[in-house]
**Q** 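My structure is below; once you've seen it, I'll send some questions.
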Amino acid sequence: MVFTALGAIVAPTASQAVQATTFTISSSSATVALNAGVTLSESGLPPTAIGQVDFELGGSAVCLLNLSGQPNETTSCTAPGYAYPGTFSYNAVFADSDGDFYASSSSNSVTVTVSPQTTFSILLNTTTSLTVAPGETPTLSAIGLPSQATGAVTFSASGATLCTANVSPDDSVCQVPGSLAAGTYSITATFVDTDGRYSGSTSSNSATLVVGTQTAFTISILNSSSVPTSTMWITANSPVTLSESGLPSVAIGAVSFSANGTLLCTVDLTAGFEEATACAPSIQAGTNYVITATFTDTNGVLLNSASSNSVNLNVYPDGGGPPSTNFTITVNNSSSATIAAGSSATLAEVGLPSIVTGTVTITGSGYNVCTITLTGQTNEPTTCSSSISLGVGNYDIGAEFNDPSGSFAYSIASNTLKLTVTPAGAPTSPPASPTTSPSPASPSSPTTTAATSPTTPPATSPSTPPPPVGQGAKEGYDLVGSDGGIFTFGSALFYGSTGSLKLQRPVVGITPTPDHGGYWLVASDGGIFAFGDAGFYGSIPGLGLAPAGSSDPKRLNAPIVGMVPSADGGGYFMVAADGGVFAFGDAKFEGSCPSIGGCAGAAVAVMPDATGDGYWLVTSTGGVYAFGDAASYGAPGPQSVPVTSAVRTIDGAGYWILFANGVVDAYGDATDLGGPTSSVDASDPATTIFTTADGGGYWVASADGSVFTYGDAPYEGGASGMHLNGPIIAGTGW
């Protein structure tokens, strides 16, 4: 604080050797902070005065001002600050050193008030910004309070007290409670004096505390088709893919997979959607490996945690493989049988060990007759009854065994049977020969161009031929595998597939045209394949974007998971796993997850509303997000079982949500008709749900091609008895 005073200046003359001096100091009063220096200045001494001005407090000099008679020289000095509050009076004395002026005292004194307020700052541990995991208790401290201060500092956030520190030379810290919920807290502090020396004051800064979120995650084994499973058999020293799911995209650290205490492999997470979430160790021969995983956080945001489940891995002996399974079949306990049209026959398998799990699918001249499901239990049924009314004719009956877990070798029955169906009344012609389903010629660029007109049937993805005479299906449906193979049932027509093509990325969805005269297939790289009367309006590769996870700098942030057409079929939307939406043709973009700051969980399905001006995005964690004019009818919310598919009601005023365990949740005007909860599991999850033409029922299909019907949906067959090149991932029906 600088004090400036006014006074008369008396200049000496030649006839006056010693002159009178009158001077003042500073202004009459001022207020300063504790320990703040006090600047004192004189005013009124002639500029030629030579001598010393002593500024005094209580009779003792506190600062000295030496004058040398030079113009523009300093006329002030600084007295030390005071450690205690109070009011202090300063005087000044001028001592002349050359006899030109009288020695004199200042004509005034000044009053300085030392304020009782004090300033201080706060720290979280050793910084003003800190991120901790839930349950941690960082230290809060008050910095800068005078050593003589006594009292308490109260630390608060959003009006709530966190902790209180008793202030003394040895104690000015306290701990943040570990019960704080996840979130961001701005912390301030207030000092309250207890002995009257200082009045209360607030910290000169705030500190930011971020309490991270806790997380849980699951693990699975991925089979050759990248379908998650909880148990698997492999050959010795073969790599097996171990995967985590559920950790948020902000996770930074490592997931370590271990079996019986031995580290198998580690996945490094760097907080990015495209990073790998799986690793593939080579495992020595052995059995009953129980694999678990631990997540170690390196960023201080998430708690270290262990996987909420374990998976089982069995390894065949060196040089060995899945045990072979030789078996035979019978019809009505014989090698041949004759039945009347409209009746059924009993078919049985003979010779499979009682420990096997899987299905025996019995077919006749290309038609699925019935399926035997084996669960490894003793004395379980090994027969099935032909559940369809075969047309009149002769059928060659065969069978194949398939174990989805891979524990036992795939095999075909060592014998075939003869089944003759005779007319129930007048003679009828034998069933017509199955027709051949066409397939497209290979497009020049599979990921970006539409397929040409179909010409020959695919070798690897056969369609189901039309039903025998007398079946006359009125409704039908298509199932599609990840290789793009199409399987048609009932009245569904085959317009082509990608089963015979080498795809850059797997197929993830099928969408019919409005008149069911064709369909689109979409791959995870955004490649579009148009068949029948489906129009081609563009693709992601056609935009110059590489697949997600590639090294190309121009690439998708996340893989495509599905598509829907515009209201008139003149365009379509594609949806990526991060909720990004891409519009082609006359499709209208109405928003996406990135545009609203992100959605919880990876997107797994998209549903258009009835107007075509809106849609719902559904995520694996049970979130449903409405865009455009789509109305919100509710959502399951966070679940431990992932959502795999969703479909809206016919009028667009509701929808069904399908979980991997077969549970179906209904919202809006959707009716809860049930789901295959007892017929699917982790090795064969429910993967797709689709409705009948009138909306009075729906079908649910699983990864192995099993089809389950609800409401007025009829059963027209399934692909579970076929040797699939890829799991069933989508379907459509009417």
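Bear in mind the structure is a predicted one, so any value in this text is a computation, not a measurement. Here, residue 1 is the first one in the sequence, and each next residue gets the next number. Quick note: numbers below take in every heavy atom, side chains included, and nothing from hydrogens, waters or symmetry partners.
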**Q** Please name all residues satisfying side-chain hydrogen bond (donor to acceptor under 3.5 Å, both in side chains) with Asp672, sequence neighbours left out, ordered by chain then number.
**A** none
**Q** Could you work out, with side-chain hydrogen bond (donor to acceptor under 3.5 Å, both in side chains) as the rule, every residue matching Ser245, not counting sequence neighbours?
**A** Thr218
**Q** With no hydrogens and no angle check, is any side-chain donor or acceptor of Thr688 less than 3.5 Å from a backbone partner on Ala730?
**A** no
**Q** Check whether any side-chain N or O of Arg505 sits under 3.5 Å from a backbone N or O of Pro547 as a donor-acceptor pair, and report yes or no.
**A** no
**Q** Mind running side-chain hydrogen bond (donor to acceptor under 3.5 Å, both in side chains) on Asp681 and Ser683 for me, showing each step along the way?
**A** CA-CA 5 Å; Asp681 54 28; Ser683 64; 2.7 Å; yes
**Q** May I ask you to decide if Thr619's main-chain N or O and Tyr625's side chain share a donor-acceptor pair within less than 3.5 Å?
**A** no
**Q** Which pairs with one or both residues in residues 173-185 pass side chain to side chain donor-acceptor pair (under 3.5 Å), sequence neighbours excluded?
**A** Thr139-Gln175
**Q** Give a yes or no answer on whether the side chain of Ser307 reaches the backbone of Thr292 with a donor-acceptor pair at less than 3.5 Å.
**A** no
**Q** Taking Tyr615 for its side chain and Glu590 for its backbone only, find out whether a donor-acceptor pair lies under 3.5 Å.
**A** yes
**Q** Could you tell me whether the side chain of Ser308 and the main chain of Phe217 form a donor-acceptor pair under 3.5 Å?
**A** yes
**Q** Between Asp552 and Leu545 (side chain of the first, backbone of the second, donor and acceptor by atom type, cut-off under 3.5 Å), is there such a pair?
**A** no
**Q** Keeping the roles fixed (side chain from Arg648, backbone from Pro608), state whether a donor-acceptor pair exists under 3.5 Å.
**A** yes
**Q** Got a sec, which residues hit side chain to side chain contact (heavy atoms under 4.5 Å, CB included) with Thr164, two or more places apart in sequence or on another chain?
**A** Ala152, Thr154, Thr161
**Q** Ala646: which residues meet the side chain to side chain contact (heavy atoms under 4.5 Å, CB included) condition with it, sequence neighbours left out?
**A** Ala605, Met607, Val618, Ile657
**Q** Give a yes or no answer on whether the side chain of Trp616 reaches the backbone of Ala631 with a donor-acceptor pair at less than 3.5 Å.
**A** yes
**Q** Quick one: does Ser201's side chain have a donor or acceptor within less than 3.5 Å of a partner on Phe191's backbone?
**A** no
**Q** Sequence neighbours excluded, which residues qualify as side chain to side chain contact (heavy atoms under 4.5 Å, CB included) partners of Ser204?
**A** Ser121
